[in-house]
Undergrad: 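After the structure tokens below, expect a handful of questions from me.
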Amino acid sequence: MKTVIVTGASRGIGLATVKKFLAEGWFTIGTSTKGKVDINDKNFVSLALAYPDEKSIDAAIKNIAKIGRKIDVLVNNAAIALDDIGNDLDTDKLRETLEVNVISTADFTIKLLPFLNVPSHIINISSMAASLGDPIENTWHTPAYKISKTALNMFTRTMARQLQPKNIIVSSLDPGWVKTDMGGPEGERIPEEAADDIYKLAISKVETGKFWLEGKERGW
Ligand SMILES: NC(=O)c1ccc[n+]([C@@H]2O[C@H](COP(=O)([O-])OP(=O)(O)OC[C@H]3O[C@@H](n4cnc5c(N)ncnc54)[C@H](OP(=O)(O)O)[C@@H]3O)[C@@H](O)[C@H]2O)c1
């Protein structure tokens, strides 16, 4: 039985992703800040993981070690979006957003490397907000969040290079605009559609270091 870890599994895209992997017969570990995920399944374990608290990251890694399974897929899904749309860049929000969406995500990933299977796949949930190619007036003006997701994409690229010799694929995935607490009720997709994309990418032997949207490579 293969094993996946999904961070930020208590709601939205993360919760739908956990349900998808369980339905496909995977042993599934899901995290939330309080350690509670509303799923009752013998193949599911929930863990507390509250970024940017380093002690929480270390405790989660210890708990994963105790579970004693090699990890086939890591979905780095947990994130925050603190900006109000249209606001100017706020340095405090930028610092907090980078701590959670980038630095803690990197810390957790690096500490998890000894537990990854070979081959395995790390999927970083990015966003259209990361785009460097869109006109500057386009989409959601959420400066701190956008900067964090662009940085996350470069984390994908650098880890892809680092882990290529170890046969570990690292991908970024744009889930589209999804109806969740973060995406709001007007989102164009439901979390289950994003979860299907994540699952399909997870089981595909794709080229490492790429950015994906709805099953197709997309531009950075
Ligand atoms: N929704 C969209 O339209 C959209 C579009 C593009 C990209 N995304 C990306 O997709 C991913 C999931 O988004 P979503 O819309 O499903 O978000 P969401 O509904 O707000 O859920 C966020 C998840 O992340 C966890 N989380 C929040 N703060 C955390 C922290 N400090 N430490 C650890 N975990 C934390 C939450 O756990 P708690 O319940 O414990 O707080 C929750 O499980 C994110 O990476 C987001 O940037 C979303």
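We use all heavy atoms of the structure for the numbers below, so side chains are in, but hydrogens, waters and symmetry mates are not. We count ligands from 1, going down the list as the structure has it; atoms in each ligand are counted the same way. Since this is a predicted model, take the numbers as computed values, not measurements.
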Undergrad: T31 to ligand 1: N or O pair under 3.5 Å?
TA: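 In fact, backbone or side chain, T31 has no N or O that close.
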Undergrad: Is there at least one pair of N or O atoms, one from Y51 and one from ligand 1, spaced under 3.5 Å apart?
TA: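 For ligand 1, there is an N or O atom that lies under 3.5 Å from one belonging to Y51.
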Undergrad: Taking C-beta and beyond as the side chain, do L201 and S171 meet within less than 4.5 Å on heavy atoms?
TA: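 They are in side-chain contact.
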Undergrad: Kindly say whether I103 contributes a backbone atom to a donor-acceptor pair with the side chain of D107 at under 3.5 angstrom?
TA: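 No: the side chain of D107 does not pair with the backbone of I103.
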Undergrad: Would you please test S172 and N153 for side-chain hydrogen bond (donor to acceptor under 3.5 Å, both in side chains) and show each step?
TA: CA-CA 6 Å; S172 276; N153 277 352; 2.7 Å; yes
Undergrad: Atoms of ligand 1 less than 4.0 Å from D181 heavy atoms?
TA: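 Listed by number with element: 19 (O).
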Undergrad: Taking it one step at a time, do N124 and T156 satisfy side-chain hydrogen bond (donor to acceptor under 3.5 Å, both in side chains)?
TA: CA-CA 7 Å; N124 297 318; T156 295; 2.9 Å; yes
Undergrad: Examine A78 against ligand 1 and note whether any of their N/O atoms are separated by less than 3.5 Å.
TA: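 No - when backbone and side-chain N and O of A78 are compared with those of ligand 1, no distance drops under 3.5 Å.
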Undergrad: Please could you name the atoms of ligand 1 that G183 approaches to less than 4.0 Å, counting only its heavy atoms?
TA: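 Selected atoms, number and element: 1 (N), 2 (C), 3 (O).
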Undergrad: Any idea which atoms of ligand 1 are less than 4.0 Å away from a heavy-atom of W177?
TA: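 This gives 3 (O) as the contact atoms.
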Undergrad: How far is atom 7 (C) of ligand 1 from the closest protein heavy atom, and which atom is that?
TA: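 Its nearest protein heavy-atom neighbour is S126 O, 3.1 Å.
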Undergrad: Between S126 and D174, is there a side-chain donor-acceptor contact under 3.5 Å, judged purely by atom types and distance?
TA: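 No, no side-chain donor-acceptor pair sits under 3.5 Å.
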Undergrad: Identify, for atom 14 (P) of ligand 1, the protein heavy atom at the shortest distance, and state residue, atom and that distance.
TA: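 Minimum-distance protein heavy atom for atom 14 (P) of ligand 1 reads T180 OG1, 3.6 Å.
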Undergrad: Report yes if some N/O of I13 lies less than 3.5 Å from some N/O of ligand 1; otherwise report no.
TA: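 Between I13 and ligand 1 (N or O atoms, distance only) the closest approach is under 3.5 Å.
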Undergrad: Does L22 belong to the same Ile/Leu/Val/Met/Phe/Trp/Tyr cluster as V37, with side-chain heavy atoms less than 4.5 Å apart forming each link?
TA: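 They do share one cluster, since a chain of ILVMFWY contacts under 4.5 Å joins L22 to V37.
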Undergrad: Please answer whether the main-chain N or O of V100 pairs with a side-chain N or O of T105 as donor and acceptor at a distance below 3.5 Å.
TA: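 Checked: pair present.
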Undergrad: For ligand 1, which atoms sit closer than 4.0 Å to a heavy atom of G12?
TA: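 Atoms satisfying the 4.0 Å criterion: 16 (O), 19 (O).
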Undergrad: Below 4.0 Å, non-hydrogen atoms only: which portion of I80 touches ligand 1? Side chain, backbone, both or neither.
TA: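 Within the 4.0 Å criterion, I80 contacts ligand 1 through side-chain atoms alone.
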Undergrad: Select the closest option to atom 27 (C) of ligand 1 among S32, A79, A81, A50, judged by heavy-atom distance.
TA: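 Result: the heavy atom closest to atom 27 (C) of ligand 1 is in A79.
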Undergrad: Starting from atom 47 (O) of ligand 1, what is the nearest protein heavy atom, named by residue and atom, and what distance separates them?
TA: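 Checked against all protein heavy atoms, atom 47 (O) of ligand 1 sits closest to Y145 OH, 2.5 Å.
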Undergrad: Considering only heavy atoms, which of I125, L152, V178 lies nearest to atom 10 (O) of ligand 1?
TA: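 Looking at heavy atoms only, the winner is I125.
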Undergrad: Do M128 and ligand 1 have an N or O pair less than 3.5 Å apart?
TA: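 No, there is no polar N/O contact under 3.5 Å.
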Undergrad: Go through ligand 1 atom by atom and flag the ones less than 4.0 Å from a non-hydrogen atom of A9.
TA: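 Listed by number with element, the hits are 43 (O).
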Undergrad: Where does L49 meet ligand 1, judged by heavy-atom distances below 4.0 Å: at the side chain, the backbone, both, or neither?
TA: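 Backbone only; the side chain of L49 stays clear of ligand 1.
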Undergrad: Could you say whether the N/O atoms of S10 and ligand 1 ever approach to under 3.5 Å?
TA: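 Yes, there is a polar N/O contact under 3.5 Å.
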Undergrad: Among all protein heavy atoms in this structure, tell me which lies nearest to atom 12 (C) of ligand 1, with the distance rounded to 0.1 Å.
TA: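 The protein heavy atom lying closest is N77 OD1, 3.0 Å.
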Undergrad: Among protein heavy atoms, which sits nearest to atom 41 (O) of ligand 1, and what does the distance come to when rounded to 0.1 Å?
TA: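 Atom 41 (O) of ligand 1 sits closest to the protein heavy atom R11 NH2, 2.9 Å.
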Undergrad: Measuring from the heavy atoms of G176, does anything fall under 4.0 Å of ligand 1?
TA: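 Yes, that is the case, since the closest heavy atom of the residue is under 4.0 Å from the ligand.
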Undergrad: How far is atom 17 (O) of ligand 1 from its nearest protein heavy atom, and which residue and atom is that?
TA: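 Result for atom 17 (O) of ligand 1: M182 CB, 3.6 Å.
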Undergrad: Surrounding CD of E193 (heavy atoms of other residues, nucleotides or ligands, distance under 6.0 Å), is the total greater than 12?
TA: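 Enclosed: over 12 neighbouring heavy atoms sit under 6.0 Å from CD of E193.
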Undergrad: Could you please spell out the steps behind the side-chain hydrogen bond (donor to acceptor under 3.5 Å, both in side chains) verdict for T142 and D83?
TA: CA-CA 5 Å; T142 49; D83 317 80; 4.8 Å; no
Undergrad: Please indicate whether K70 has more than 12 foreign heavy atoms, meaning atoms of other residues, nucleotides or ligands, lying under 6.0 Å from its NZ.
TA: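 Yes, NZ of K70 has more than 12 neighbouring heavy atoms, counting only those of other groups under 6.0 Å.
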Undergrad: What are the two closest non-hydrogen atoms of V75 and V4, and how far apart are they?
TA: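 That would be CG2-CG2, 4.2 Å.
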Undergrad: Using side-chain hydrogen bond (donor to acceptor under 3.5 Å, both in side chains), reason through D38 and S10 one step at a time and then give a plain yes or no.
TA: CA-CA 7 Å; D38 200 11; S10 50; over 6 Å; no
Undergrad: May I ask you to identify the nearest protein heavy atom to atom 25 (C) of ligand 1, giving residue, atom name and distance to one decimal place in Å?
TA: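 For atom 25 (C) of ligand 1, the nearest protein heavy atom is G8 CA, 3.6 Å.
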Undergrad: Please report the interatomic distance CD1(I5) to CG(L47), rounded to the nearest 0.5 Å.
TA: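 Atom-to-atom, I5:CD1 and L47:CG are 7.5 Å apart.
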Undergrad: Using a 4.0 Å heavy-atom threshold (strictly under), name the region of P52 that reaches ligand 1: side chain, backbone, both or neither.
TA: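 It is neither part, as no heavy atom is under 4.0 Å.
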Undergrad: Does any N or O of ligand 1 fall below 3.5 Å from an N or O anywhere on D174, backbone included?
TA: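 By distance alone, the answer is no.
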Undergrad: Quick one: look up the protein heavy atom nearest atom 40 (O) of ligand 1 and list residue, atom name and how far away it is.
TA: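 Here the closest protein heavy atom is T33 OG1, 2.5 Å.
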Undergrad: What verdict does the salt bridge (charged side-chain N to carboxylate O under 4.0 Å, His left out) test give for D58 and K55, after you've listed the backbone C-alpha separation in whole Å, the side-chain angles of each residue and the deciding distance to 0.1 Å?
TA: CA-CA 5 Å; D58 292 343; K55 283 190 191 134; over 6 Å; no
Undergrad: For K111, does the NZ atom have more than 12 heavy-atom neighbours from other residues, nucleotides or ligands under 6.0 Å away?
TA: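 Above 12, so yes.
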Undergrad: Quick one: look at K179 and ligand 1, take heavy-atom pairs under 4.0 Å, and tell me if it's side chain, backbone, both or neither.
TA: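 The answer is neither.
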Undergrad: Aromatic rings W26 and F21: how do their planes relate, parallel, tilted or perpendicular, breaks at 30° and 60°?
TA: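 If you compare the ring of W26 with that of F21, the planes turn out perpendicular.
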